[in-house]
Amino acid sequence: MPITDEVKLDDGSKLGSLTKKIRGHQGMIIGSVIVFAVIAIALLAPLLAPHDPYEQDLMKRLLPPFWDSRGSWEHIFGTDHLGRDYLSRLIYGARISLLIGIGAALISGLIGTIMGVMAGYFGGRVDMVVTFLITVRLSMPVVLVALAVVAIVGGSLQVVITVLGLLLWDRFAVVMRSSTLQIRSMDYVAAAQAVGCSVSRVLMTEVMPNVVNNLIVITTIEIAHAIILEAALSFLGLGVQPPLPSWGLMVSEGKDMMLFEPWLITIPGVALFLLVLAINLMGDGVRDITAPENRN
Amino acid sequence: MSAVMINAKNVTRNFSISRGMFRGKQILRAVSGVDLTVKKGEVLALVGESGCGKTTLAKIILGLLPQTTGSVDLCGQSIMDLPRLELARTIQPIFQDPYSSLNPRKTIGSIIGLPMRVQGVENSATIRRKVQKTMDLVGLAARHYNAYPNQLSGGQRQRVAIARALVNRPQIVVCDEPTSALDVSVQSQILNLLSDLRKELNLTYIIISHNLAVVEHIATRVAVMYLGRLVEEAKTSILFNNPHHPYTRALLESVLTPEPDLGIPNTQLGASYPNPIDPPSGCAFHPRCAQVMPHCAMTPPLSNNVNGRFVECHIYNDDSAENAD
Ligand SMILES: Nc1ncnc2c1ncn2[C@@H]1O[C@H](COP(=O)(O)OP(=O)(O)O)[C@@H](O)[C@H]1O
Ligand SMILES: [Mg+2]
């Protein structure tokens, strides 16, 4: 038996090198910190919110935030036009934004991944059908369709999540199709077929683990996308309905008082901006550190 | 007389090539009417330039690609009738590029153990024991069990691919250019390993190569392929001592050039390799043939049994024999 050719097994454990890579990726760290902070805030909202977000006090309408000379520490971010504590609404609003973002991305991710993986793996007719559906979907303006549907069905949290979920699968399908196409041509897929793996086994153990990093990136993009779309729909009055404290709805409700009480818009606006930015930073980071080429 | 392991009859495979939206489809005949028989214990080398259809033929024999026409029998049973798992126990591939043939997300142990799990072995201790035995058999150190493919060198990766192919002890192994992606220094190690394993495990091989020198020592029989057809087939010694087909001769001369490993053998073959979408008329080799005759461009040659070999060339067709000399 011939001697094994030279060895270059690295001693660093897989986990160790992963931590090192994450540490080298500052955008990912910043993004993750913000995202996990928002998740924590959303989960702990009842503990963190200083007031009931729905409690109105017309005597205390439109109080400015603490940095204003007229502001008070009791209502750190002031109050809205119905006298509700703005910080508490912001905290509860994180729940709505995350729920919508994650819910819509789950639905669209499921639809898009199944379609894209099928198209990429089976090709031929399946691919033709999926490609056609993607084209149809791309020819529909998302905001207009969502507006129309919500206008007809009526806006509610569930409706917004479902409608966005049913509209935002195109990027999942396109990316999953092309990454599956690429993985499918790899010899390890042929080898798995040759050892007798069923189609579902090939898809689950050979294809999916190698496209999942792209899937994560698209998921973060679509979560951010859905959050922004919800804000836009709510701003137009067709998203989640009052009195739910959605960030988009807060901007919308504040827009009439924009001139004299600008914080009504800037506070939820900045929150939205930071969350979307953080999710995207995190997605970029995940893509960079999970590429198998860099695994050493 | 040993048992026939592979019996391919008149195997043809067409690909339809789309040439853009408005230009319609074209047929590319990658494999064209190939007859092939491999007996138990034989090592059949399939040689020919890149693009002549070797991989396509191998994939058909492995059941990974359906043939357009023709039939393939393994151990007397048509591959169409063989259940998936039985087919996998009978025949296994070793691919050319060990960087593409190992899933980068799996450990070596799980890659080599996959064929056992697919066959229904559930006891992880059994799997581990057998995987480690097979790793030892192919010369892989046991400490690589939990390594990932990118921690191994090309030669080690190819050993992993060999171990995966052999862990369930198949009868036939199809090696598609098993060394051409490896460093020259490692190539002979892998070839020796394959050769040792064949004796040890009583395997039957098809070894694909575009380099005749690679196969001279390991093959018992050689089939030369050109543009989807087998043009000459003989026992290794017969073929190397006295090649008949002008293409085989040209290939053998190319082996003697200083750098035989630089891909396509390139010698006095003159005109370049033809476009398989639009093959030459008559004998497909005639535009490059040193001994071309007028009717070579008109009629395709028939296969003849000449001096202990099959050769498909007008020079050896009975009716044209007089014209040739
Ligand atoms: N999936 C495919 N679709 C279209 N053409 C193909 C496909 N696979 C192989 N071919 C064509 O078939 C011919 C033979 O290819 P292949 O069997 O890979 O040759 P080899 O292994 O001898 O280099 C080539 O011309 C190649 O372009
Ligand atoms: Mg090939």
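Sequence lines set the chain letters: A, B, ... in the order given, protein chains first and strands last, and positions in each chain run from 1. No hydrogens, no waters, no symmetry mates; every other heavy atom, side chains included, goes into these values. What you see is a predicted model; the values in this text were computed from it and never measured.
Taking the side chain as every heavy atom from C-beta outward, B:Ser195 and B:His217 never approach each other to under 4.5 Å. Counting only heavy atoms from C-beta outward, the side chains of A:Phe172 and A:Leu215 approach each other to under 4.5 Å.
Chain A forms more heavy-atom pairs under 4.5 Å with one residue of B:Gln119, B:Gln92, B:Arg117 than with any other, namely B:Gln92.
Counting only distance, with no hydrogens or angles, the side chain of B:Thr68 and the backbone of B:Asn14 share a donor-acceptor pair below 3.5 Å. Judged purely by atom type and a 3.5 angstrom limit, B:Gln151 uses its side chain to pair as donor or acceptor with the backbone of B:Tyr148.
The two residues A:Leu164 and A:Ala104 have their closest heavy-atom pair at CB-CB, 3.8 Å.
At a 4.5 Å heavy-atom cutoff, B:Arg89 makes no contact with chain A through either its backbone or its side chain.
Listed by sequence position, B:Arg84, B:Leu85 are the residues of residues 72-85 of chain B in contact with chain A, using a 4.5 angstrom heavy-atom cutoff.
Considering only residues two or more places apart in sequence or on other chains, A:Phe273 meets the side chain to side chain contact (heavy atoms under 4.5 Å, CB included) condition with A:Leu277.
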side-chain contact (heavy atoms from CB on, under 4.5 Å) between A:Asp288 and A:Met28, worked out = CA-CA 9 Å; A:Asp288 292 346; A:Met28 160 129 189; over 6 Å; no

